[in-house]
Amino acid sequence: MGKTGKKAVLKQLRKALKEKRAQELQEGKEVEPEVAEVKEDEVVPNVLVLHPSSRAWLQNLPEVLSGQLVLQDRSSCLSALAAGLTPGTTVVDSCAAPGSKTSHAIDLLEGSGRMFAFEKDPKRASSLLERLRLLTGFQEVALHTRTKKSKANRASRASAALARGRCLPVGSKPGVEVELRTMDFLKVDPRAAPWNEVEVLLIDPSCSGSGLPEHHLTAAATGADTENDGRLRRLAAFQKRILSHALQFPKARTVVYSTCSLHRVENEDVVEAALPSSRFQVVQALPWWHNAPKEEHGHGSTLPSWASHCLRSQPDVHRCRGFFLCRLDRTAPEPEEPAQNAAPRKRRVGTWN
Ligand SMILES: C[S@@+](CC[C@H](N)C(=O)[O-])C[C@H]1O[C@@H](n2cnc3c(N)ncnc32)[C@H](O)[C@@H]1O
């Protein structure tokens, strides 16, 4: 959103919220004045802060329906920012649906670069595609085939590739190239083209969601043990695999790992398990971010020293859901694969064109 665009949207939002509040009051409902408030975020660029209860009021606003305004949790804006994206970067979003972080990352690429987005669940992948069309002006090109010889290869590529194309141009920049794939990110071969050119990876895997307000409401309403150890262990094992996989992309300079979990076992413990076998270190994610002074990181032993670089949001302090984010930067180049005796590598997925 440009400066003028932001001003106009702010004005429009204030008007819409004021009118909605007046209507609700007229209907005899109790609505606190802050529900109708909107202001610019003090630290997160291009983000407007609204009361969570006003979300439902805004769903049908023309700016929301047209994709000019994106309604999402404040925490969802942090991963792409923490990755330090610049125009021209090649990015992977490993667990992309519904696309909050993918679309924000595309925004930050300002019209040039590449985005490869993976989503395992076909239904969620379709809604991701719809969302990208709306929010980034993504337009597909045909998933064409080339020679007869590679028919089988093409068939397997096409089954995984959901869409390929370009987002809207920005100024003189042509628009970010995007490829969406309905597939398990763990099946991507990091050393095969074009993945061996990926520079930044966003890893936002499925998690317990213990940082979400609805998580606690569900637990309280059903009396369910949502912190069940077995489930957490299974999630943590998957999260370790996916982060370790991301750290194997030979040209990757930055990997951002995030969850909306408050559990150390899904956060610091996952990073701690993946770090030693990698050529990465944990760095300060967002220098302007301040964690709340009294944090509950989980039980057990003291946290490693790098853990102070990680970002943890607390709903009451940071006006967003509970969230964990860790940025890992490369410290040393990946060793070249030995040319001799190396088994021929199977290309499991196809190339850009
Ligand atoms: C926490 S959500 C991601 C939210 C998303 N990053 C956003 O900001 O909108 C996790 C997503 O990862 C998908 N997923 C889980 N395992 C995956 C895998 N191995 N490969 C690709 N996607 C996966 C899930 O289906 C789910 O849609």
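Atoms within a ligand are numbered from 1 in the order they appear, just like the ligands themselves. All residue numbers in this chain count up from 1 along the given sequence.
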Candidate pair D204 and S79, rule side-chain hydrogen bond (donor to acceptor under 3.5 Å, both in side chains), full reasoning: CA-CA 9 Å; D204 186 38; S79 295; 5.5 Å; no

Is the shortest N/O to N/O distance between [X] and ligand 1 below 3.5 Å?
X    : value
C95  : yes
G99  : yes
D121 : no
D93  : no
R124 : yes

Report all side-chain donor-acceptor pairs from residues 271-286 shorter than 3.5 Å, counting only partners two or more places apart or in another chain.
{"residue": "S278", "atom": "OG", "partner": "L275", "partner atom": "O", "Å": "2.7"}
{"residue": "S278", "atom": "OG", "partner": "F280", "partner atom": "N", "Å": "3.2"}
{"residue": "R279", "atom": "NH1", "partner": "P333", "partner atom": "O", "Å": "3.1"}

Which residue and atom name correspond to the protein heavy atom nearest [atom], and how close is it?
atom                    : value
atom 15 (C) of ligand 1 : S206 OG, 3.3 Å
atom 19 (N) of ligand 1 : D184 OD1, 2.8 Å
atom 24 (C) of ligand 1 : E119 OE2, 3.4 Å
atom 21 (C) of ligand 1 : S94 O, 3.3 Å
atom 6 (N) of ligand 1  : D204 OD2, 2.8 Å
atom 7 (C) of ligand 1  : S100 N, 3.6 Å

With a 6.0 Å cut-off on the ring centroids, do W195 and F249 count as close?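 Here the rings of F249 and W195 have centres that are no less than 6.0 Å from each other.
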
Below a 4.0 angstrom heavy-atom separation, can you tell me which part of P205, side chain or backbone, both or neither, approaches ligand 1?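 For P205, only backbone atoms sit under 4.0 Å from ligand 1.
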
Evaluate the side-chain hydrogen bond (donor to acceptor under 3.5 Å, both in side chains) criterion for residues E119 and T182: first the C-alpha distance (whole Å), next the side-chain angles of each, then the deciding distance (0.1 Å), finally the verdict. CA-CA 5 Å; E119 172 53 53; T182 312; over 6 Å; no

Taking a cutoff of less than 4.0 Å between a non-hydrogen atom of the residue and any ligand atom, is S76 in contact with ligand 1? no

Q72 to ligand 1, any heavy atom closer than 4.0 Å: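 No; Q72 lies far enough from ligand 1 that no heavy-atom distance drops under 4.0 Å.
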
Output, in order, the C-alpha distance, side-chain angles, deciding distance and verdict of side chain to side chain contact (heavy atoms under 4.5 Å, CB included) for L132 and L180. CA-CA 10 Å; L132 287 192; L180 301 185; 3.6 Å; yes

Ignoring hydrogens, what is the shortest heavy-atom contact between C260 and R321? Give both atom names and the distance. CB-CD, 4.0 Å

According to the interplanar angle, ranging from 0 to 90°, do the rings of Y257 and F324 count as parallel (below 30°), tilted (30 to 60°) or perpendicular (above 60°)? perpendicular

For D41, enumerate each residue passing the salt bridge (Lys or Arg N to Asp or Glu O under 4.0 Å) test, keeping only those at least two apart in sequence or located in another chain.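 If we apply the salt bridge (Lys or Arg N to Asp or Glu O under 4.0 Å) test to D41, skipping adjacent residues, the hits are R74.
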
Answer yes when K251 and E199 have at least one side-chain N-carboxylate O distance shorter than 4.0 Å, and no when they do not.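 Answer for the salt bridge query: no.
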
